[in-house]
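Here the structure is a predicted model, which is why all the values come from computation and not from measurement.
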Amino acid sequence: MKQKLLSLLSVIAISGLVVGCASSPASSSSEEKDLNQYVDPMIGTGFHGHTFPGATRPYAMVQLSPDTHIMGWDASSGYHYDDRQIYAFSHTHLSGTGIGDMGDIALLPFSGGDSIQPIATFQKETERAEPGYYAVRLDNFGIQVELTSTDRVGFHKYTYDNAKERRVMLDLGHILQPDWGHKLVGNTYHVVDPSTIEGTFRTQGWAHYHAIAYRITFSEPAVSMTQYVDGQKTAGDIPDSLTTDKDLKFHFWFKESAEPLYAKVAISPVDPEGAAQNMERELPDWDFEATRQQSAEIWNQELNKIQIETSDPTIFKNFYTALYHASLAPYVYQDVDGRYTGLDKQVHTAQAGYVNYTAFSLWDTFRALHPLLTIIRPDRATEMGLSLVQAYREGSILPKWPIVSSYTGCMPAYHSVAVLADLVCKDMTGGADLKVWAEAGARSSVYREDLAQKFAGTRELDLITKHLLYKDKYGFVPADSIPESVSWGVEMAYDDWCIAQIAQKAGDQALADEYTKKGKYYQRYLDPETKFMRPIMSDGKFRTPFNPRYSAHMKSDYTEGNAFQWSFFVPHDMDNYIAAIGGKAELETRLDTLFTTSSQVDGAEASGDITGLIGQYAHGNEPSHHMAYLYNWTDSPWKGQERLDFIMRNFYTNAPDGIIGNEDCGQMSAWYVLSALGIYQVCPGIPVYALGRPMVDRATIQVAGGTFEVVVHENSPANKYVKEVRLNGNPLREMFIEHADLVNGGRLEFTMTDQPSK
């Protein structure tokens, strides 16, 4: 890639072009448009998208949403479009993940009956979801529910048909995916007064340590309150305070009234006092409509970071729903006073300018979400990088899929370093000490016996796997010693290259040299005969027999895929990889085979994540996301444009099942946003974007240097091929631009045609 970039820069220099300099960039104060109208939060709630439709704000700690699904894979966000029952409305969720957690602090209004755990039913046509607002009618109870929120407070509005039966359940035993090991481990509450209750709710699941404090205030005092402990009604007076490890449920009964009942639920990662402060600061009044309107305005400002024009209403809805989903995580995880519980399980107070984040789906999001943020939210991108390094300071290792106050260690390699290397190469480190960043990368890339002992018996132990030990001991991961060896091997090679880039910028040449060498370890897996990345046995030989279509979830040599889907991951060393497989003509042949071969996946236990197949390309899972852009390294970039057109038109639709696989905290959506603009960063850590097939007719992007415009001439479904590209009026000879070209402001013009063009 570096060689490709150097040749690109040479062409620009010879042509007399100016890189990254706009001729009279437009003002950054573009007139704000109503873009919320194009967002449909129901997209992704069907199939296995695993998104949720509830009320939230950008990067907010509260995601207040109905829980319709609590068992199995499709309960990962608590909601599935096919359901017709609601167990409760809870305040924390994960967007589009393949594992669930959260579902904290659950309320359900109800009327009539004496069920300990009432369940609501509803009709799909009564649901309404839009940025910052969700509404539904509970048919069996005759209640209209409306939800909105601030960053740390959920706001409920319940309108009852039966004014005499105004009841609410607080379910402090409600969790998602109990069949997957998620369980309640602690409950503490205190009844402050007849309208207010507070406490701390503790669970253990994907997050081994998860404590969420809360304060709930109703708009009027309860007339009576009933308590159930593990399904048994409490006899006599209910204690004002209690600490237990048991399931708690409260039924509140309110006086007869035709007026709506409101509830405010503030949460805190620290304590009930923090929740109370959050409520007082963010939502001191009871003006539901004003809060809803403020949420809408905040979302509209966020979406206006990119304004597009297109004659296709489908693209409008796809684009802005994708931008919405790409703005949900990682989210801020600290109280208004700056306190948070860190990954060391200690309470910290954020220093001025520091923001603590959680829910980094790093194996997914390093590929497109974090690069997107460096363009449209550079402030957030830098804050997130600093948060990852601060987590290292607190826990002595960089996070890998951290949620709340827990490491999870989920997925291969250690992709925090990819996010950090990308910030380094784009000069977006916020003046940080890069020696600490390099140290963090190095210490997170090796097997740590101290942490293996510390994390024993917890999910956090997945941070310290033997893949790390074998990599440094042998230079490869032996397939007969541990599963998923190839995926770990090639991704660790990329991450080690990322550490080298950080070390180089930090001035540590010895460390840079060491990790540059490790960045070549992918070569050990590359079979010169088959051109596949193949598993290597302890004796140093490739595994035989070898079936590149074979998959066994969490048991085979590849993570959530097979050899077809894992043999093109060398983003940091493309030129040497291409030479090793026999040149760019061979790369083109290999890509052609990938996209045109049979979509059959062999194996009785093949991964369910292999979705969105075109041949063996699987867009429903992240390892494939860069592959169509690899045609830019061949003499036929038009083939990539053809594939991109198909993917965006067929795998992203305006329907609940409109995301072809797990959304994964914004990665699937960020891919669409970037690709619809015609750009994609194949290698975070090298500040260069490959150009593709833009779907929009025009886009205006707010960037640090003002605005960057994308203009697409002669765009239509038939005209899917790029005929010419100009940057600031000057023709490009290769399908790449630099990050500086984009963020300094300027104009990128595509001219499209219906004929393939080289």
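Figure legend: Arg590 and Phe532 shown as a cation-pi pair, the cationic atom lying under 6.0 angstrom from the six-membered ring centre and within 45 degrees of its axis. Under a cutoff of 6.0 Å and an axis angle of 45°, Arg643 and Tyr617 do not form a cation-pi pair.
A salt bridge is absent between Glu642 and Lys720; no separation between the charged side-chain nitrogens and carboxylate oxygens falls under 4.0 Å. A salt bridge links Arg726 with Glu724: the distance from a Lys NZ or Arg NE/NH1/NH2 to an Asp or Glu carboxylate oxygen falls below 4.0 Å. A salt bridge links Arg747 to Glu709: one of the charged nitrogens lies within less than 4.0 Å of a carboxylate oxygen.
No donor-acceptor distance shorter than 3.5 angstrom exists from the side chain of Asp657 to the backbone of Gly46, with no hydrogens or angles considered. With hydrogens and angles ignored, the 3.5 Å screen pairs no side-chain donor or acceptor of Thr653 with any backbone N or O of Arg649. A donor-acceptor pair under 3.5 Å is absent between the side-chain atoms of Asp741 and the main chain of Ile737, judged by distance alone. No side-chain donor-acceptor contact under 3.5 Å links Ser295 to the backbone of Thr56. For the pair Asp67 (side chain) and Ile86 (backbone), a donor-acceptor distance under 3.5 Å is absent. The main-chain N or O of Phe564 is found under 3.5 Å from a side-chain atom of Asn562 such that the two form a donor-acceptor pair. Looking at Lys400, its side chain does come within 3.5 Å of a backbone N or O of Met411 through a donor-acceptor pair. Although no hydrogens or angles enter the test, the distance criterion places a donor-acceptor pair under 3.5 Å between the side chain of Gln85 and the main chain of Thr68. A donor-acceptor pair is defined here as one N or O able to donate and one able to accept, closer than 3.5 Å; no such pair exists between the side chain of Gln177 and the backbone of Ile99.
Remark: Lys124 pairs with Glu127 by the salt bridge (Lys or Arg N to Asp or Glu O under 4.0 Å) rule, at least two apart or across chains. By the salt bridge (Lys or Arg N to Asp or Glu O under 4.0 Å) test, Asp557 is found to be paired with Arg543, residues two or more places apart in sequence or in another chain being considered. Partners of Glu302 under the salt bridge (Lys or Arg N to Asp or Glu O under 4.0 Å) rule, at least two apart in sequence or in another chain, are Arg377.
Of the N and O atoms on the side chains of Thr310 and Asp312, not one donor lies less than 3.5 Å from an acceptor on the other residue. If you check the side chains of Glu491 and Trp363, you find a donor sitting under 3.5 Å from an acceptor. No donor-acceptor contact under 3.5 angstrom links the side chains of His50 and Glu663, judged on distance only. Checked by atom type, the side-chain pair Asp602/Asn547 shows a donor-acceptor distance below 3.5 Å. Looking only at atom types and distance, the side chain of Asn621 has no donor-acceptor partner in the side chain of Gln565 under 3.5 Å away. At a cut-off of 3.5 Å, with distance as the only test, a side-chain donor of Tyr631 or Asp592 sits close to an acceptor on the other residue. Donor-acceptor pairing under 3.5 Å is lacking for the side chains of Glu714 and Thr751. Side-chain N/O atoms of Asp40 and Asn654 include no donor and acceptor closer than 3.5 Å.
Taking the centre of each ring, Trp488 and Tyr558 stay at or above the 6.0 Å mark. Ring to ring, His572 and Tyr522 are close: their centroids are under 6.0 angstrom apart. The aromatic ring centres of Tyr652 and His619 sit less than 6.0 Å apart. In this structure, Phe569 has its ring center under 6.0 Å from that of Tyr494. Ring centroid separation for the pair Phe52 and Tyr79 does not come in under the 6.0 Å cut-off. Aromatic ring centres of Tyr59 and Tyr331: separated by at least 6.0 Å. No close placement of the Trp206 and Trp180 rings is indicated, their centers lying 6.0 Å or farther apart. Checked against the 6.0 Å centroid criterion, the rings of Phe360 and Trp401 do not qualify as a close aromatic pair.
The aromatic rings of Tyr38 and Phe316 sit parallel, their planes meeting at an angle under 30°, below the 60° perpendicular limit.
Across Pro371 and Thr365, no two heavy atoms sit closer than the pair CD-O, 4.1 Å.
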